[in-house]
Amino acid sequence: MKKKVYLIQPSFRKSDGQVVKGEYLGNRSIEMPILCATIPQYWGKEHCYEYLEDIDFDSDAGVVLITGASNDILHGYQIAEKLKARNKTIIFGGYQDVFSLQLMKPMVDAVYHGIPGPEEMEMILEDAANNNLKREYNVGVNIDFPFDYSIFEDKKLKYVQVVTSLGCHFKCDFCCQPEIYGGKFYLRSIDAVIKDLKSVRKLSRFIGFRDANFLNKKSHLVDLCTRIIAERLNIRWAAQCSVTIGQDPKLLAMMKKAGCRLLFFGLESLNQDNLNEIHKSFTASSYASLIANVHKAGIYTAAYFMFGFDHDTKNTFGEVYSFVRKTRLAIPLMNIYNPIPGTRLFQRLKNENRIDFPTPVDYVKDIPVHSLPCSKSFFKPKNMSGEELEKGFHELSKKLTTYRAIFRRSLKPNINTIILLGLNFDLRKEYKKRNVNQ
Ligand code: SF4
């Protein structure tokens, strides 16, 4: 077999069924740089980041490696199917929820679990070259090496993703992270992250840290900010972390100095009973003051909410609307709760006979439901019907994406208003598209 590997990161289908090209350039751009950095020098390598390029189904590579985040994988399955028909050896790996694995395993020659570093990748590829490929590899989590961002050199990027850790120490019932990483997190060395930032800085000044929880370990975050400031990297960045960062004005001031301009929080619900039930260990009544503290530090906020939890009622939508206005959140990100197979909440709802969720086979038959943001109810809510949940959600999305609401949220002093406007108009576009597709 020719020692050449074709790396593919599939794009994904939105709710209108179209494969996304280019539109979400910054999103999910970390998998390919990680993968590229692991391929041995003596192997030939081609890559396709499908958001930007078309897949070459006639590539002469003997091995195809498909990676991607979970909602890319439905489309990834179709790509694997086509390549299989061309007798390629196909390996699948990357971010894996139970659903993606169930879907991909029968279609590919091998699956790896975890994140392989250069050594583990060499072993897998050599097994493929020697016709000795195993069905499954457990490679652990190896992320402590500089990633290869050269694949983006000739591309226009809104921002580039960098990662400082994987996993999260919280164990929220609806989230895949606890199932994938067992409630643990893995930190990269500050040296490796700084090397990445220096590579990325040549491509863009705007960085999105892709960590599930940027506040996994405070001392690590402090060390990172200290180095960014000392090395004068002059970057502007956003990250997602626990809202409890609002308790630490000193840390927030340091982050601002290091270039932080926007923080994303998974608030999920304003109802404490909901939070307790899904084991989200936050205090809803503290949300507003924590967010105010972040704003005081000169950092803007985006927050995720989910709808359809057991203590939600038809009034919940109005409560969230008032909260968004009152707290002056810059970007409100709404989803109907999407039950993900393998998570504890999915299992509970399944045990209660409340799941109405397509099987992997249904997905492959071109039902583009695994689309974010999720605007459909794939389960039976407790205090309203699925239709009422969807209706309340659409009305709220509409109110939050009027021109007036967008300008009120986006026209801020001391921040790149264009970025906030862009993100808020993306929300409006997505809402409009979803509404058309109902
Ligand atoms: S805090 Fe966020 S990343 Fe961590 S388990 Fe909860 S939802 Fe997942």
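The model shown is predicted, which means the values in this text are computed figures rather than measured ones. Each ligand, and each atom within it, is numbered from 1 in the order the structure gives.
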Trainee: For F206, is the NZ or CZ atom of R261 found under 6.0 angstrom from the centre of its six-membered ring and inside 45 degrees of the ring axis?
Mentor: no
Trainee: Counting only protein atoms, how many N/O/S atoms are less than 2.8 Å away from atom 6 (Fe) of ligand 1?
Mentor: 1
Trainee: Can you sort out which atoms of ligand 1 are near F174, meaning under 4.0 Å from one of its heavy atoms?
Mentor: 7 (S)
Trainee: Using a 6.0 Å distance limit plus a 45 degree cone around the ring axis, check whether R428 lies over the aromatic ring of Y403.
Mentor: yes
Trainee: Before you tell me yes or no, could you show the steps for Y337 and F174 under ring-ring contact (aromatic ring centres under 6.0 Å, His included), namely the whole-Å CA-CA distance, both residues' side-chain angles and the distance that decides it to 0.1 Å?
Mentor: CA-CA 8 Å; Y337 162 64; F174 61 87; 7.1 Å; no
Trainee: Show the numbers, then the answer: is there a ring-ring contact (aromatic ring centres under 6.0 Å, His included) between F323 and Y321?
Mentor: CA-CA 5 Å; F323 179 87; Y321 180 70; over 10 Å; no
Trainee: Any ion pair linking R210 and E31 (charged N to carboxylate O, less than 4.0 Å)?
Mentor: yes
Trainee: Salt-bridged, D248 to K218, with N to O below 4.0 Å?
Mentor: yes
